[in-house]
A.B. asks: 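The structure's right below; bear with me while I get my questions together.
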Amino acid sequence: MSSYGQILLCFGLMFCFYLPCCVKSDELQILLNLTSALNESNTNVLDSWEATSSVCSFNGITCNAQGFVKEIELSHQNLLGVLPLDSVCQLKYLDKLSLGFNLLYGEITEELGNCLKLQYLDLGNNFFTGSFPDISSLSNLQYLYLNGSRFSGTFPWKSLDNTTNLAVLSIGDNPFDRMEFPDQILKLKKLYWLYMANCSIEGKIPPAIGNLTELIELELQYNFLSGEIPAEIGKLHKLWQLELYNNELTGKLPVGLRNLTKLEFFDASANNLEGDISEVRYLTNLISLQLFENKFSGEVPPELGEFKKLVNLSLYTNLLTGPLPQKLGSWAEFNYIDVSENFLTGPIPPDMCKKGTMRAVLMLQNKFSGKIPATYASCTTLKRFRVSNNSLTGIVPARIWGLPEVDIIDVAYNQLEGPITADIKNAKQMGILSAEYNRFSGELPEEISEAKSLVRIELNDNQFSGKIPHGIGELKRLSNLNLQNNRLSGSIPDSLGSCASISNINMADNVLSSKIPSSLGSLPTLNSLNLSGNQLSGKIPESLSLLKLNLVDLSYNRLTGPIPNSFSIEAYNGSFTGNPGLCSPTIRHFKQCQPDSAKSKDTHTLIVWFTLGAAVLLVSLGCFLYVRRKEKDNSLSLKEESWNIKSFHVLTFTEYEILDSVKQENLIGKGGSGNVYKVTLPNGVELAVKHIRKSHRKSLSTSPVFSKSAGKEKEFDMEVQTLSSIRHVNVVKLYCSITSEDSCLVVYEYLRNGSL
């Protein structure tokens, strides 16, 4: 060999030994660049990525036999930043890039196409923006996870023509542009996992979906798919999960569905499907069957009672008839059943909680009959027991009232009877007790006060008797108490005033007696109080006048004494009728209140002298104020006048809130009868206020409110008299009038784009 050849051989050998060192040095720099791009991440997973270490020792890095980076696995690591794909895709041997479930953002650039050896790409569940780039060059790709990463625009479906080895395609939960089911997917014959939920697919499910015979998972929920479910779907014999819910599918369940004998999870709920559900009787491996909110009719297949794996069944809001299989749910660890809002009949299956795992029995609004099975009294895992609006009879098993985990017991609108037992003390989690419109009887147990989570007690329209439990005031979360139309007697417990969260009390049409507790006036959120149709006596507590009640009804009792002034408005008309002993100086049809004849002569004399002294003092004060007013300049404001308010509805504002808003910037109209102002209260309610000047006073102010005075007292009186006596949907509501010596204000509801 010549000396020249020897030199070339020497250089060649040096190059071969030097090249791996250069490449590995480049890989180190690439990974260090990645750490710099993600330096804001709240994680310690990158702490081992140091320049003095081998890249193969970095956390999340796997190298091949030659020491080159093969995999980057950094999913679920709380990584934050923009992914530098221009750098990462220079890793020549990289075949796996897994960055799912992080906080990555920004765009995925076209440099992704330089990762030519990629077989596994997971960018799912991040916060990217923009569209996903063309990946036609990634012909080796087998697993593609992009779900839930906020990609938008049009997905590059044509790229999939070159990714025929794809086994997993997960691109759901991204706001892509709407388009029909892509043909490219139908060519991916190796596909076994297809997740395209919530990604704006519309049109029909193509029959060619049946060619993807390797599929075990098919999820197309939350799209805009329409038409019928193709019969060809029955060719997917390996299918384990089929999710079609929340689309616009129509027609019947296809006959081919019976071939999916390996199917364990089937959900076609919230569509417009119809016909019977007999096809599901062949799907004996079902664990969960969800067909709610459709138009299915016919009977529930009796074979469902023999399904050994079934734990979830939701068929609510359909048109189903007939009985439920009596062995339903008895084989597996049954979780819940919801067959509400159908026309189902017959008894409740008794063994759905046989394994002690059931959480919800939801069977309301059907035609079920018979007794509530005693087996559910020992179902301690039960959280919701709702069987209202049926034709159930008999006594509720005692321990059902005290199930330790239950948060709703709803047995209303049946023909159930018997008592509510003391077991209720064990229902520490119960928030709603709904048993109205039944035939329950006996006394309410004192132990109900130990169910401290109660928010709503609805026991009206039954045959309960005896006293209201004294300890009811212990229920600090109670919001609604409905006990009307029973046979309750005795007094209203004073402790009820301790239920600080209560907003509605209805005890009408019982035989309650004694006085109304004054403690009710301390309930800050009470909105409605109905004690009508009882035998209550004594005076109406003045404390009730402190409340802002939208409804108060104390009619048809034995109350005596004066009606508090705050209730002497037309909004409470009828609230006190049927109480001959009540009196009022302002409400028609009630006698005038007389002074107390039991007062002693000395007391009467003292009152007379006090009145005379007060009169002299007031006259003197009036003269003084008159002189002072004459000396003032022309700057008297509305708030310095003395006002009288006459209300015609329950008011949630004061006259001062109105007076503060009658100013030039709120002026919205002028007319011969006065100015009109728009008033916006702090709570957002809008009112219209008309200001009318009386004619006998000269203008004393330069305020725009008094810039034009007109004698309109007669018109004011006529308007108030007319509107206060009318209740009609097409007549503006008059809330109140506010008058002083010199001015008249009329407060109406405010009508947008309207005219008084």
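Note: hydrogens, waters and symmetry copies are ignored here, and every other heavy atom, side chains too, is used.
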A.B. asks: Please identify each residue that fulfils ring pair (Phe, Tyr, Trp, His ring centres under 6.0 Å) with Y556, with sequence neighbours left out.
C.D. replies: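 Here no residue qualifies.
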A.B. asks: Got a sec, which residues hit ring pair (Phe, Tyr, Trp, His ring centres under 6.0 Å) with F296, two or more places apart in sequence or on another chain?
C.D. replies: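 Partners of F296 under the ring pair (Phe, Tyr, Trp, His ring centres under 6.0 Å) test: none.
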A.B. asks: Provide the full list of side-chain hydrogen bond (donor to acceptor under 3.5 Å, both in side chains) pairs with a residue in residues 483-497, sequence neighbours left out, each pair given once.
C.D. replies: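 Found D461-N485, D494-S519.
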A.B. asks: Go through the structure and list residues passing ring pair (Phe, Tyr, Trp, His ring centres under 6.0 Å) with F440, not counting sequence neighbours.
C.D. replies: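 If we apply the ring pair (Phe, Tyr, Trp, His ring centres under 6.0 Å) test to F440, skipping adjacent residues, the hits are W401.
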A.B. asks: When rounded to the nearest 0.5 angstrom, what is the spacing between CG in L554 and CD1 in I516?
C.D. replies: 4.5 Å
A.B. asks: Can you list the steps and then say if I448 with I472 is a side-chain contact (heavy atoms from CB on, under 4.5 Å)?
C.D. replies: CA-CA 7 Å; I448 198 172; I472 199 165; 5.5 Å; no
A.B. asks: Give a yes or no on whether a salt bridge exists between E443 and K467, defined as a side-chain N under 4.0 angstrom from a carboxylate O.
C.D. replies: no
A.B. asks: Considering only residues two or more places apart or on different chains, which pairs with a residue in residues 410-435 satisfy ring pair (Phe, Tyr, Trp, His ring centres under 6.0 Å)?
C.D. replies: Y413-Y437
A.B. asks: Just jot down the side-chain hydrogen bond (donor to acceptor under 3.5 Å, both in side chains) partners of N438, sequence neighbours excluded, or say none.
C.D. replies: none
A.B. asks: Could you work out, with salt bridge (charged side-chain N to carboxylate O under 4.0 Å, His left out) as the rule, every residue matching E293, not counting sequence neighbours?
C.D. replies: none
A.B. asks: In Å, rounded to the nearest 0.5 Å, how long is the span from CG of N557 to OG1 of T577?
C.D. replies: 10.0 Å
A.B. asks: Can you pull the ring pair (Phe, Tyr, Trp, His ring centres under 6.0 Å) pairs that have at least one residue in residues 447-472, sequence neighbours excluded?
C.D. replies: none
A.B. asks: With D553, which residues qualify under salt bridge (charged side-chain N to carboxylate O under 4.0 Å, His left out), at least two apart?
C.D. replies: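 With sequence neighbours excluded, D553 shows a salt bridge (charged side-chain N to carboxylate O under 4.0 Å, His left out) to no residue whatsoever.
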A.B. asks: Among residues two or more places apart or on two chains, list those pairs meeting ring pair (Phe, Tyr, Trp, His ring centres under 6.0 Å) that have a residue in residues 367-389.
C.D. replies: none
A.B. asks: Mind checking whether Y572 and F567 have parallel, tilted or perpendicular rings, split at 30° and 60°?
C.D. replies: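 Y572 vs F567 ring planes: perpendicular.
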A.B. asks: Got a donor-acceptor contact below 3.5 angstrom from the T381 side chain to the M358 backbone?
C.D. replies: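 Answer holds: yes.
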A.B. asks: Nearest 0.5 Å please: distance from the CD1 atom of I424 over to the CG atom of L403.
C.D. replies: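 With rounding to 0.5 Å, CD1 (I424) is 11.0 Å from CG (L403).
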A.B. asks: Identify which one of T321, N318, L320 satisfies the side chain to side chain contact (heavy atoms under 4.5 Å, CB included) criterion when paired with F343.
C.D. replies: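 Going through T321, N318, L320 one by one, the side chain to side chain contact (heavy atoms under 4.5 Å, CB included) with F343 is satisfied by T321 alone.
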A.B. asks: Do I492 and M507 make a side-chain contact, defined as non-hydrogen atoms from C-beta onward lying under 4.5 Å apart?
C.D. replies: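 Touching, per the 4.5 Å side-chain cut-off.
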A.B. asks: What residues form a salt bridge (charged side-chain N to carboxylate O under 4.0 Å, His left out) with R399, not counting sequence neighbours?
C.D. replies: none
A.B. asks: May I ask you to test the R477-K452 pair for a side-chain heavy-atom distance under 4.5 Å?
C.D. replies: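 A side-chain contact under 4.5 Å is absent here.
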A.B. asks: For C499, give me all partners under disulfide (SG to SG under 2.5 Å), at least two apart in sequence or on another chain.
C.D. replies: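 Result, disulfide (SG to SG under 2.5 Å) vs C499: none returned.
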A.B. asks: Between V406 and Q429, is the side-chain contact (heavy atoms from CB on, under 4.5 Å) condition met? List the steps.
C.D. replies: CA-CA 6 Å; V406 74; Q429 305 299 320; over 6 Å; no
A.B. asks: Can you see which heavy atom on L496 is nearest to which on L523, and at what distance?
C.D. replies: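 Distance-wise, the nearest heavy atoms are O-CD2, 3.7 Å.
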